[in-house]
Trainee: 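Dropping a structure here in C-alpha cells format, bear with me for questions.
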2 protein chains.
Amino acid sequence: MIVAVAERGLRERKKAGTREALAAATLQLAVERGWEHVTVEAITAAADVSYRTFFNHFSAKEEALLVPAGPDQPRLSARLRAQPPGTAVLDAVRAALHEELAELERDPAALRDRMTVVLATPSLIPRLVEMGSADERETAQAIAERTGQDVEADLYPALLAAVVSAAVRVTLWRWQQLGGATGLVTVVDEALDALAGGLPPPPPVA
Amino acid sequence: MIVAVAERGLRERKKAGTREALAAATLQLAVERGWEHVTVEAITAAADVSYRTFFNHFSAKEEALLVPAGPDQPRLSARLRAQPPGTAVLDAVRAALHEELAELERDPAALRDRMTVVLATPSLIPRLVEMGSADERETAQAIAERTGQDVEADLYPALLAAVVSAAVRVTLWRWQQLGGATGLVTVVDEALDALAGGLPPPPPVA
DNA sequence: TGACACGCTGCACTCCCTGCAACGTTGCAC
DNA sequence: GTGCAACGTTGCAGGGAGTGCAGCGTGTCA
C-alpha cells in the first residue's frame, strides 16, 4: 500500500529522482555552507536541473530540507485515523507518533544532518513547526473524531494536537542532543509519559 | 520600572512613534486587504516614512504585525523569573502567563484584528510561534533554574516551555473563536488545567 | 555652540518565488 | 508504429523581501 508508490512508470520514477536529487543537494550544501549561504541556484546547479524546476517540486526552499519525501508520505493525521477505533486517544496518538518517528529514523544520518542545520539556524525552527505540523489542524480533526468532540467548540482536540506537535519538536531536539544514541521512540515516550502524568511539578529535583 | 521606558527624550519618543505608526499601518492594511496583498512599500507609504526605515525597526514584515511593541516589552521568560522563588513551577508559569496575556488584552480590538489576520493566513501561524516564543529557549532556561535542572541534560524544561508555547497558541486561537467574550486568562487556565490533569483521555464525551 | 550620536533616506544589489509560454519526452490508444 | 494527449522541464520576465553602505539632518550633551 505504501510501497506501490515508487514503481509506476518511467515518468514518475524520473520525477521522484529529480525531487530526491534536489533534496539531497539541498541537505549536502546546507551542511557544508550553512543554510543562509545556500541559494536555490546552487542547489539546482548541483542537481543539474533548471532553477525553475526546483519550484515545480517544492513550494519553498525550506521544504526541500524539511520535507524531502513528497506529499505521498502519510502524515500524522492519516496515521492517527488508521489506528484501531477502540483505542484510547492518547494511546492512539502514541502509536501514530511511533510510526511517524520510526519512518524518520530510517535514515538517521540524514535526520542528524537536518537537525544540525535546523539547530544552527533559528529561523528554520518555525518552519519546522509549520512543515512538521502542516496538518496540525487535520490532526486536531482526527482527534475530535476519536473523542466524539467538535474541533470548533471544544478545546481538547486543538490543545492535544498542539501539544503533540510541541512534543515532536522537543523530541527531535533532544534526540539530536543525545547524539542519536537513544531511539526516537524512546525519547518521545519519555515526553508523552511526562505529559500524561500532568507535567509533574518538579521532577525528582536532581 | 516598566513605565520609564516611554519618556526618555524627543529622539526616543519620535523613534517609538515611527514604530507605532508602522505597526498600526501594517495591521490596518492587513485587515483591509489581507496579509499577502500588503507590501512593505504600502505600509511605509501609509506611515509616511521611507521603505528603508521599515527595516530599521522590524527585521521582517511579520514582525510589524506580531510584535508591535518593541523589544523593551518584558517577555515570558522575564516574567517567569520575576515570580517568587518558593512557588511551584506550574504555578509560576501560570502566573507569568496571566501577566503576559493580561498585557495582550489591554488592546482587545487590536488583538482581535491580529488574530483574524493570522487565522486567515496559515503561513503566519508558525511565525506567531516564532515571535510569541522567540524566547522559548530562554523560558526553558528559566524553568530549569526553578526546578534545579539542566536545560541540556534534562527533558523537562524544554518540554514544558514548548508545551506552554503551544498552549498560548491554542489559547489565542480559541479566544478568537469565542469572539473575545471570555477573558484570555480564563481560556488559558482551561488549557493549563487540562495539561496539569495529564490530558484526561476522553473528556466527558459530549 | 560645537561635536558627536543616531535615526532616516536613497540606492544598488541579491535572492525568493510566480505566471506564462514553449519544448521534449512519456504514456496510451488505435 | 504512429499520432495524440499528458506532463515534467525549461527560460524569461517581473514583483516583492531584505541588506549593506554612504550621506543627511536633527536631537543630545559637554
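Every heavy atom of this structure was used, including side-chain atoms; hydrogens, water molecules and symmetry mates were not. A note on names: the letters A, B, ... follow the listed sequences, proteins ahead of strands, and every chain is numbered from 1.
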Trainee: Starting at atom CD of E63(B), determine the distance to atom P of dT19(D), rounded to an integer number of angstrom.
Mentor: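 In whole Å, dT19(D) P lies 10 Å from E63(B) CD.
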
Trainee: Looking at dG7(C), I'd like to know if its phosphate oxygens (OP1 or OP2) sit under 4.0 Å from a side-chain N or O belonging to T18(B).
Mentor: no

Trainee: Do the side-chain N or O atoms of K14(A) get closer than 4.0 angstrom to the phosphate oxygens (OP1, OP2) of dT26(C)?
Mentor: yes

Trainee: Verify whether one side chain among Q176(B) and T116(B) offers a donor that lies under 3.5 Å from an acceptor in the other.
Mentor: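 Per modelled atom types, Q176(B) and T116(B) side chains form a pair under 3.5 Å.
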
Trainee: Grab the CD-P distance between E41(A) and dC17(C) for me, whole Å please.
Mentor: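 Value for this atom pair: 14 Å.
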
Trainee: Where each residue is assigned the nucleotide of DNA chain D containing its nearest heavy atom, which of A60(B) and L10(B) is assigned the position nearer the 5′ end?
Mentor: A60(B)

Trainee: For the side chain of T121(A) and the backbone of V118(A), is there at least one donor-acceptor N/O pair under 3.5 Å apart?
Mentor: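 Between the backbone of V118(A) and the side chain of T121(A) there is no qualifying donor-acceptor contact (under 3.5 Å).
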
Trainee: Looking at dT25(C), dT28(D), dT9(D), which one has an atom nearest to any side-chain atom of N56(A)?
Mentor: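 That would be dT9(D).
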
Trainee: Return the value, rounded to whole Å, for the distance between atom CZ of F58(B) and atom C1' of dC8(C).
Mentor: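 My rounded result for the distance is 15 Å.
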
Trainee: Any side-chain N or O of H57(B) less than 4.0 Å from the OP1 or OP2 oxygen of dG7(C)?
Mentor: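 No, no such contact exists.
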
Trainee: Taking R146(B) for its side chain and L80(B) for its backbone only, find out whether a donor-acceptor pair lies under 3.5 Å.
Mentor: yes

Trainee: Of the nucleotides dC8(C), dC16(C), dA17(D), which has the atom closest to the K61(B) side chain?
Mentor: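 Of the options given, the side chain of K61(B) lies nearest dA17(D).
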
Trainee: How far does CD1 of I143(A) sit from CG of D154(A), to the nearest 0.5 angstrom?
Mentor: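 Here the rounded value is 12.0 Å.
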
Trainee: How would you label the contact of Y51(A) with the nucleic acid (heavy atoms, under 4.0 Å): base, sugar-phosphate, or nothing?
Mentor: base

Trainee: Roughly, in whole Å, what's the span from CZ in R33(A) to C1' in dC15(C)?
Mentor: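 Roughly 14 Å, once rounded to whole Å.
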
Trainee: Just the rounded figure in Å: distance from C1' of dT9(D) to CD of E12(A).
Mentor: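 Checked: the CD to C1' distance equals 16 Å.
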
Trainee: Taking CZ from R11(B) and C1' from dG27(D), how many angstroms apart are they, rounded to a whole number?
Mentor: 5 Å

Trainee: Could you give the CD1-to-P distance, from I43(B) to dG16(D), as a whole number of Å?
Mentor: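 Distance check: I43(B) CD1 to dG16(D) P gives 12 Å.
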
Trainee: Within less than 4.0 Å of OP1 or OP2 of dG16(D), is there a side-chain N or O belonging to T39(B)?
Mentor: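 Answer is no, no contact under 4.0 Å.
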
Trainee: May I have the distance from F54(A) (atom CZ) to dT18(C) (atom P), rounded to whole angstrom?
Mentor: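 One finds 11 Å between P of dT18(C) and CZ of F54(A), rounded.
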
Trainee: Decide if atom CG of D48(B) counts as having more than 12 heavy atoms of other residues, nucleotides or ligands within a radius under 6.0 Å.
Mentor: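 12 or below, so no.
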
Trainee: Which nucleotide wins on minimum distance to the side chain of F55(A), given the candidates dT25(C), dC16(C), dC6(C)?
Mentor: dC16(C)

Trainee: Do D107(B) and R112(B) pass the salt bridge (Lys or Arg N to Asp or Glu O under 4.0 Å) test, and can you show the C-alpha distance, the side-chain angles, and the key distance before you say yes or no?
Mentor: CA-CA 9 Å; D107(B) 190 348; R112(B) 282 276 300 270; over 6 Å; no

Trainee: Between T53(B) and dC8(C), is there a contact of a side-chain N or O with OP1 or OP2 at under 4.0 Å?
Mentor: no

Trainee: Need one value for H37(B): base, sugar-phosphate or nothing, where a base atom within 4.0 Å counts as base even if backbone is also close, heavy atoms only.
Mentor: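 The answer is nothing, as H37(B) stays clear of every strand by at least 4.0 Å.
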
Trainee: Can you figure out which of dC8(C), dC11(C), dG27(C) approaches the side chain of R52(B) most closely?
Mentor: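 That would be dC11(C).
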
Trainee: Output the single nucleotide from dG27(D), dA17(D), dC7(D) whose closest atom is nearest the side chain of V40(B).
Mentor: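 From the listed options, dA17(D) comes nearest.
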
